[in-house]
Each structure stands twice: as C-alpha cells, then as structure tokens.
Amino acid sequence: GIHSVSLNGEFSGAGYLSVERPAEFDLSATTPETDSEPENILSCKFGGTWIADDTVSGTVVLPDDLADGDTFWVSVLDGQPGEVFTKAIELRVTALEDGGVSFHPLQAKYDASSVHSDIAGDFAATQAHFSTNGINAPLGNSINSAGYGIHSVSLNGEFSGAGYLSHQTPAEFHNSGAVTLNGDEEDIMELLSVSLTEAGATDFDTQDDDATFSIEYL
C-alpha cells in the first residue's frame, strides 16, 4: 500500500491510505502561483542494511540562497512495524566550474518516528533538528553497507544516476534549471492522477481547492 504521502512539501501523515483514510491536501496552499519564484526540488532514495525499504524516497525544497559549501539534511520515515524511525543524511553543496552543482553525503543520523511529523516538508525545522539532535548512524555507499546512504538523486527532474553517493562519487547536475508548474488546476490534477495511478491509487477527488487521494483496493 501507499503511506507517508506529501504534495509540494505538505505532509499528509505517516498512515497507510485507504478509501476511509485518504491523503488530503489543500490545493489553494500547495499549487504554485504562476508568478511565484521557481523552486529547486531535490529528490533521492535511501538504501542500505538499515533501510527496510531500499526505495524509500526523500524530497527537499532547497532555499534560493543555498551557496557553495553549504550543508543540509534530507530525511525519510522508514522501518519495520514497531521499529520505525526518522532517518536523515547530511549533504554538502559544491559549485561546479560550468555553473552546475554537486552534492555528496557527510553523515547519517536517526531519531524517533514522531520527529518526522514535526519536520516533514519544513526545510528549516529539518535542519534545526538534525544539526543538534539525532543518533549517529553509519553512512553507507551501497545496498549492502551497514547503515544507509543515498542513491538515485534528481534535481528539478534532472537525474544524476542510480549509483550511491560518496565524497568520491557525488551527484552532479549541469542542466537543472528550476521548474515551475504553469498549468491550471485541471492540468495539475491530471498529472497527479497519472502518477498516483502508477503507484496504485485509484480514487481521486478535487473539490473547493482541496485534493484527496485514496487507494480503492489494497
């Protein structure tokens, strides 16, 4: 099934979706205005022996003032029933000579699952928490590594490759201009419907600037 759904950084909660328990979003808050500044969205997957689901994804909206040498944390919710934790990895930003940018991991931490609901979709809160809190974890560079690492990184739709990141093998981006959603609500919902259908969601509803996604059959 599907759980821990977010839309443009708005987190619906960690529970699994069903007809009775859909993921709900306010489109008036999450749909970008046509004259707003474009966002830089970084997505990645966590993997390693400490990751229950080696395709669990993390997404972070990067601030406009991110500069060469800056660091930031990206987090996910992962684990087996009864052993679910908020897991995070710190990345460093490096400016490339051609105007591009690269990211490589520095360290990994984890904390209680309850932390995720407090920081999900909030860049500043994520940074504030893991910069001073959390328990150190081994930083992995393969699916068989102790601890966990990051792989399959994309920035604004540009994919850096499926390999795991390390200081020697960063994720590099050379054509990752920021992306905006310029369609109207109907266009955006059509795109979301296709994506959610591929993931197994089969029931969609939009009314009064609200969006609801649920799974008809689990």
Minimum heavy-atom separation for [X] to [Y], with atom names?
{"X": "Ala108", "Y": "Ile89", "answer": "CB-CG1, 4.1 Å"}
{"X": "Asn144", "Y": "Thr49", "answer": "O-CG2, 3.5 Å"}
{"X": "Trp50", "Y": "Ala137", "answer": "CZ3-CB, 3.6 Å"}
{"X": "Ser43", "Y": "Thr59", "answer": "OG-OG1, 3.4 Å"}

State, with a plain yes or no, whether a side-chain heavy atom of [X] is found less than 4.5 Å away from one of [Y].
{"X": "Ile150", "Y": "Val74", "value": "yes"}
{"X": "Leu155", "Y": "Val101", "value": "yes"}
{"X": "Asn40", "Y": "Leu42", "value": "no"}
{"X": "Val56", "Y": "Ile51", "value": "yes"}

Under the rule for side-chain hydrogen bond (donor to acceptor under 3.5 Å, both in side chains), what residues qualify as partners of [X], not counting sequence neighbours?
{"X": "Ser142", "answer": "Ser145"}
{"X": "Thr71", "answer": "Glu90"}
{"X": "Ser57", "answer": "none"}
{"X": "Ser152", "answer": "none"}

With clusters defined by side-chain heavy atoms of hydrophobic residues (ILVMFWY) lying less than 4.5 Å apart, directly or transitively, does Leu62 cluster with Leu91? yes

Could you give all pairs that pass the side chain to side chain donor-acceptor pair (under 3.5 Å) test and reach residues 125-135, with sequence neighbours left out?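 Found Asp111-His129.
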
Can you list every pair that meets side chain to side chain donor-acceptor pair (under 3.5 Å) and has a residue in residues 76-87, with sequence neighbours left out?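 Listed once each, the pairs are Asp78-Lys87.
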
Any residue meeting side chain to side chain contact (heavy atoms under 4.5 Å, CB included) with [X], in chain and number order, not counting sequence neighbours:
{"X": "Asn136", "answer": "Gln107, Lys109"}
{"X": "Thr169", "answer": "Ser166"}
{"X": "Ala125", "answer": "Ile119, Asp122"}
{"X": "Ser102", "answer": "Thr94, Leu96, Pro170, Glu172"}

With side chain to side chain contact (heavy atoms under 4.5 Å, CB included) as the criterion, how do Val153 and Leu165 come out once you've worked through the C-alpha distance, each side chain's angles and the decisive distance to 0.1 Å? CA-CA 9 Å; Val153 181; Leu165 304 192; 3.7 Å; yes

Listed once per pair and sorted, the ring-ring contact (aromatic ring centres under 6.0 Å, His included) pairs that draw on residues 51-99, sequence neighbours left out: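 Pairs touching residues 51-99 that pass the test: Phe72-Phe103, Trp73-Phe130, Phe85-Tyr110.
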
For Leu106, the other hydrophobic cluster members (4.5 Å side-chain criterion, sorted by chain and number) are none

Donor-acceptor check, side chain of Asn156 to backbone of Ile41, threshold 3.5 angstrom: yes or no? yes

Go through the steps to decide whether His116 and Ser75 satisfy the test side chain to side chain contact (heavy atoms under 4.5 Å, CB included), and finish with yes or no. CA-CA 8 Å; His116 191 72; Ser75 66; 4.3 Å; yes

